[in-house]
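When reading the values below, keep in mind they use all heavy atoms of this one structure, side chains included, and skip hydrogens, waters and symmetry mates. Letters A, B, ... mirror the listed sequences (proteins, then strands); counts begin at 1.
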Amino acid sequence: MRLSSYFLPTLKETPAEAQIASHRLMLRAGMVRQSAAGIYTWLPLGWRVLRKIEQIVREEQDAAGAQELLMPTIQSADIWRESGRYDAYGKEMLRIKDRHDREMLYGPTNEELITQLFRDNVKSYRQLPKTLYHIQWKFRDEVRPRFGVMRGREFLMKDAYSFDLDFEGAKRSYETMFNAYLKTFKRMGLTAIPMAADSGAIGGNLTHEFHVLAETGESGVYYDAAYDELAAKDAIDLEALSRLYAVTDEKHDPTSPQCPPPDRLRVARGIEVGHIFYFGTKYSQAMNAVVSGPDGNPVTVEMGSYGIGVSRLVGAIIEANHDERGIKWPEAVAPFSIGLINLKSGDAACDKVCEDIYRTLSEQGVEVLYDDRDDRAGVKFADMDLIGLPWQLVVGPKGVASGMVEIKNRATDVKETLSLESALARFARGQ
RNA sequence: CGGGGUGUAGCUCAGCCUGGUAGAGCGCCAGCUUUGGGAGCUGGAUGCCGGAGGUUCGAAUCCUCUCGCCCCGACCA
């Protein structure tokens, strides 16, 4: 993509409404614009990131055996009456009426819809287990939206729902998702700590929140230092992990026998990016989701639900990866891999080298954002640091004369001068 | 939903107290000079001063109502 024609409205100054780093940076880097309180337009750069995160989530859900579908954003009030949540949910649910005065709502979550779908189409235990998911926009009319996309009213969520014949099966489904979540967050370069949690409005008795550690997190978290060693390993030992103390502040109890001694107790702030629940037959019973069991008798299915805040992850990743100059994208979710900076646009030699690099890398499938603007170097460097692509490839007249270019790693800010050929080889696809 | 704040140019903000033709910096446009870390000079465009009502000869400024947005608390992916 050529920056001269890309829709990327960056801001030099910080918009007054943004209080935390990720919000400020998302506005300044031209990723989002607010349209109403807690409601955002995703601009091309932000949208690219959102899609990359979504794709990682999707791949790990698929790998865990979940099947993707897509449910609507608008739901009928009827099924919510069946589950008993139409009244229980309160003002957070956006209620609307259609032209016939039928009561509708913009879905804040999808347990009812998926349970309805399941009960209408699954009749035998032979069809179990099933885990279904979708990645869909939700609306929760939060009293106080804040922190940009971290707590928007409209947000993109991956929600999965498992159906099993019995508790043992449900527990397996839960554990499968638990592991998938750890992998998912790890792929995005995040440390997400699973915490025993309160089940809140959704209800149930087995539930974990996944918190990304960041200073600006909304929740206080307490965890055993041993977690860090465990998390560094590739294969996560779920049993070992589940024995470790890790709780949010409302559950923290220093007198608990599980609580580690002070020298091993880590106190931090966390951003909740995932939440998983086993809730048994709460919805299947209310909504009559029943299958025939092996003995021919009806069995009310055991359910769980599993959420990941996809749009919130964009903010969370920035909170965990930035400095005073801008964002530092982890490779896996970066909107582009390389920012190509032409220090002297209009200079024939510089232009030629840059065009060659841009074409060569693009043909190899490397995502390059080429700053070909007729602008001063300072502006280009500042914008590129702000946008925070993992690599910057700098081409200027001095280097061109001697066949050298400079590359900079945004994560470490380490610069390196090397020949054009070695730079191209470095960035060739698959390396 | 309680408490606090704030709406003036694309952004950051001054002007309001004490009413009298709408301002600055940055950004934007044109030209020239520039180009190795948010450039210099010259010229230019841009405002329902959030909205409605009122007071007044006259309102960004005073009064009333209203809406938006932000922050602090209780809830959530």
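- With both pairing distances under 3.5 Å, A39(B) is matched to U33(B) as a Watson-Crick or G-U wobble pair.
- Put simply, Arg146(A) has no side-chain N or O that comes within less than 4.0 Å of OP1 or OP2 on C70(B).
- Here A77(B) presents its P atom at 19 Å from CD of Glu319(A), a figure rounded to the nearest Å.
- At whole-Å resolution of the value, NZ in Lys398(A) and C1' in U35(B) are 11 Å apart.
- Evaluation of atom-type donor-acceptor distances gives a pair under 3.5 Å for the side chain of Arg151(A) against the base of C76(B).
- U55(B): no Watson-Crick or G-U partner with both key distances under 3.5 Å is found in any strand.
- Counting to the nearest Å, the P atom of G31(B) and the CG atom of Asp374(A) are 11 Å from each other.
- Comparing C76(B), G25(B), C13(B) against the side chain of Ala16(A) picks out C13(B) as the nearest.
- Gly307(A) comes within 4.0 angstrom of nothing in the nucleic acid, heavy atoms only.
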Polar atoms only, N or O, under 3.5 Å: list the protein pairs with nucleotides 67-69 of chain B and their distances.
from	atom 1	to	atom 2	distance (Å)
C69(B)	OP1	Ala37(A)	N	2.6
C69(B)	O3'	Gln34(A)	NE2	3.2

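- Partner assigned to A9(B) is none, using Watson-Crick or G-U wobble distances below 3.5 angstrom.
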Q. Tell me, for nucleotides 37-43 of chain B in 5' to 3' order, what letter each nucleotide earns: B for a base near a protein heavy atom under 4.0 Å, S for only sugar-phosphate near one, - for neither?
A. BBB----

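- Residue contacts for Glu13(A): at a heavy-atom cut-off of 4.0 Å it reaches a base atom on one of the strands shown.
- Using N1 to N3 plus N6-O4 or O6-N4 for Watson-Crick, or N1-O2 and O6-N3 for G-U wobble, each under 3.5 Å, G27(B) pairs with nothing.
- Using a 4.0 Å cut-off, no side-chain N or O of Lys138(A) falls inside it from OP1 or OP2 of A77(B).
- Between Gln136(A) atom CD and A77(B) atom P the separation is 17 Å, expressed in whole Å.
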